2 protein chains.
Amino acid sequence: MATLADVARRAGVSTATASRIINGSSKPVTDELRTRVLAAVAELRYVPNAHAQMLARSNRNAVGVLVHDVSDPYFAEITRGLQRVATAHGRLVIICNTFREPARELEYIDLLHAHQVAAIVVAGSGYLSSDAETELHERMAAFETTGGRIAVIGRHSHTSDAVLPANEEGGFLAGEHLFELGHTAVGVIAGPAALTTTADRLAGLRRAAEAHGRTLRVVHADFTRDGGEAAATKLLADEPDLTAVAALNDSMAVGALSAMRTCGRNLSVAGFDDMPIARDVTPALTSVRLPLTELGERAMQLALDPPPPGSPPRVEHIRAELIRRESTWPVS
Amino acid sequence: MATLADVARRAGVSTATASRIINGSSKPVTDELRTRVLAAVAELRYVPNAHAQMLARSNRNAVGVLVHDVSDPYFAEITRGLQRVATAHGRLVIICNTFREPARELEYIDLLHAHQVAAIVVAGSGYLSSDAETELHERMAAFETTGGRIAVIGRHSHTSDAVLPANEEGGFLAGEHLFELGHTAVGVIAGPAALTTTADRLAGLRRAAEAHGRTLRVVHADFTRDGGEAAATKLLADEPDLTAVAALNDSMAVGALSAMRTCGRNLSVAGFDDMPIARDVTPALTSVRLPLTELGERAMQLALDPPPPGSPPRVEHIRAELIRRESTWPVS
DNA sequence: CACCTTGAGGTAAGCGCTTTCCTGATACCG
DNA sequence: CGGTATCAGGAAAGCGCTTACCTCAAGGTG
């Protein structure tokens, strides 16, 4: 590896001069030296050592992102928003896939901390209450006391800035829609019970049910398509009189559609998140849209824009919207 | 930020001892000191500065990944494979989204180089020939001369290790399938003409066409669903006698399905990549499966496992397989 | 012409950590 | 009991870079 010293020697200047030329510092330098140094850089294929730079400058440039799984379209879209804003600010984004393992979340927080990132965005539902969850919040706090910034997406926090999708409201919209269509026996394919996202969306659905004097038949799955299919199959078998199903995300709704096809049943289905796939399945999925890219963008903005010191954590709410398609219809 | 020196002072030891204890070096240390140091670490919430560590150890730990767009399911799946292997080896993965801009690819190569990553995986189709492409290969070579490792996915290279999906063969399989079903007028929705992936898949399709004495009606799109829909609409309008369409990826095939629905036409459609969505659209998509996760895994293995010095670049081929579903049928 | 700017470049002190070598002290041997 | 391993720990030299500070010479003043 060519170092700055190599470049300087080759150009016959000091490392200070070489550094200044390469970084375009404001210090004036003769064109003569400038060309010599740049020539040396090119010949030696010199690339500055970012670690040494970070150490010497002690300025933080990168930002870290914690997501459950980038290959999940939900997080893929959020990530896209995060990246857009970060890149626009010239920041390097380090994406960490937690694979939904709380332990890995903790590891990654420390790793990002160690890498001196300027900010960390934690995306994805938290757990209703668990040791790992409190531990996570502790580490996030520790990171913030060292001058780092934290923004969370869809996860409650009373210490960090947060952008919260209207999960409860979205659940209500879905429920309201189904009940207004005249459905009285509505099943719910929920996510893992321990997740706040599940709890919030379910709460909205329950609020709608109560408003109409109904109860819900809830079964828990894991937010995956296949999990949704299995849950739907069970639901269909257990509750023969159901006329509608609300799934707490689109993947599970798609699974439910598939289950219905194999069972030869035909209920109304509502999804959640309005992923791209929603309009391409048959019947096209009625779903609660959450502007995920925007969610990511706002979170990154919060993360990069330091709040006035001493102010309380900022919270932004992102509204949900019901997109009506062909998978829900009035009960006959 | 607490530093190692702070910890050492607090524990009343030298930084050398503190470092050894924290890193679990083999040097023996009394339990007395060990507990004191660990206590100090906890109290000060000390997290070692990764940049300083890298600099001092000068060992490379992270690996970089260049992908066009993580939120594209094609790359999301490859990325998942890459991450699995990297994480299993205890490596940090830095994912860089090039947003399909060649200039950004160059930038990121340098950035990863600067960050002293051990290896870089470049995923995604290259360009048939362009200045940016040769420049990219030059920078990759420069990175390799400094001891870095490079592996490319689905991109030809005569200097670096590569894992190549059988794009040509896959195209052939799709074509063969369609012609065997008796289709004589087959349209193709291709990707951007400048991409090697497009060229390879198309070549396979052409080989099948020639074998059956047919020609193809090709139209180029951009590998996105909406692009595919637009291209299909045009194709249907221009060629009223078409009975089948091959799309060079599933997203565009889904778009084609949608176009057909709005035009009220009903042709056989074959996709490519066998993304999860393929089985959830109606009709379920016949597609050429590429084991993308495996593609990623193999590439990361190549990247992390240094070849015997002086040996030629390794190349692994990943086979394609035709998955028959309901979107293709015999011509009547 | 002595004095002060100013310009152009070099010197060297860190940034936070690892690790080689070194120092005392203690234990062990013939 | 002198001599040598052995052990626990410290001193300090970097890793590659940035930057505050210094030097030297040339040009500008009164």
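Predicted model only: the values in this text are computed from it and were never measured. Protein chains get the first letters and strands the later ones, always in sequence-line order, with residue 1 at the start of each.
For F75(B) and H68(B), the gap between ring centers is short of 6.0 Å.
Where V29(A) and H51(B) meet DNA chain C, the nucleotide closest to each residue was compared, and V29(A) sits on the side nearer the 5' end.
The ring pair (Phe, Tyr, Trp, His ring centres under 6.0 Å) analysis of residues 137-159 of chain B, with sequence neighbours excluded, yields the pairs H113(B)-F143(B). Residue pairs satisfying the salt bridge (Lys or Arg N to Asp or Glu O under 4.0 Å) criterion with at least one member in residues 116-133 of chain B, sequence neighbours excluded, are listed as follows: E133(B)-R155(B). Here salt bridge (Lys or Arg N to Asp or Glu O under 4.0 Å) pairs that include residues 110-123 of chain B, with residues two or more places apart or in two chains, are D110(B)-R139(B). Within the structure, every pair that satisfies the salt bridge (Lys or Arg N to Asp or Glu O under 4.0 Å) test and touches residues 43-58 of chain A, not counting sequence neighbours, is listed here: R10(A)-E43(A). Sorted by first and then second residue, the pairs that involve residues 293-304 of chain A and meet salt bridge (Lys or Arg N to Asp or Glu O under 4.0 Å), not counting sequence neighbours, are R84(A)-E297(A), E294(A)-R298(A), R298(A)-E316(A).
Contact check for L4(B) versus I22(B): side-chain heavy atoms found under the 4.5 Å cut-off. The shortest side-chain heavy-atom distance between N49(A) and L55(B) falls under the 4.5 Å cut-off.
Atom OG1 of residue T98(B) and atom CG of residue L136(B) lie 10.0 Å apart, to the nearest 0.5 angstrom.
The outermost nucleotides of DNA chain C lying under 4.0 Å from heavy atoms of chain B, listed 5' to 3', are dG16(C) to dT20(C).
Against DNA chain D, the stretch residues 139-147 of chain A makes no heavy-atom approach under 4.0 Å.
Under a 4.0 Å N-O distance rule, the pair D305(A)/R314(A) qualifies as a salt bridge.
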Counting primed atoms, P, OP1 and OP2 as sugar-phosphate and everything else as base, the B/S/- map of nucleotides 17-22 of chain D against protein heavy atoms under 4.0 Å is BBBB--
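Within the nucleic acid shown, T30(B) comes within 4.0 Å of sugar-phosphate atoms alone, with no base atom in reach, counting heavy atoms only.
Looking at residues two or more places apart in sequence or on another chain, you find no ring-ring contact (aromatic ring centres under 6.0 Å, His included) involving Y74(A). Partners of R34(B) under the side-chain contact (heavy atoms from CB on, under 4.5 Å) rule, at least two apart in sequence or in another chain, are I21(B), V29(B), D31(B), L38(B). For H51(A), the ring-ring contact (aromatic ring centres under 6.0 Å, His included) partners at least two apart in sequence or on another chain are H51(B), H115(B).
The C1' atoms of five pairs define one axis at each end of the helix from dC1(C)-dG30(D) to dG30(C)-dC1(D), and these two axes lie 50° apart (to 10°).
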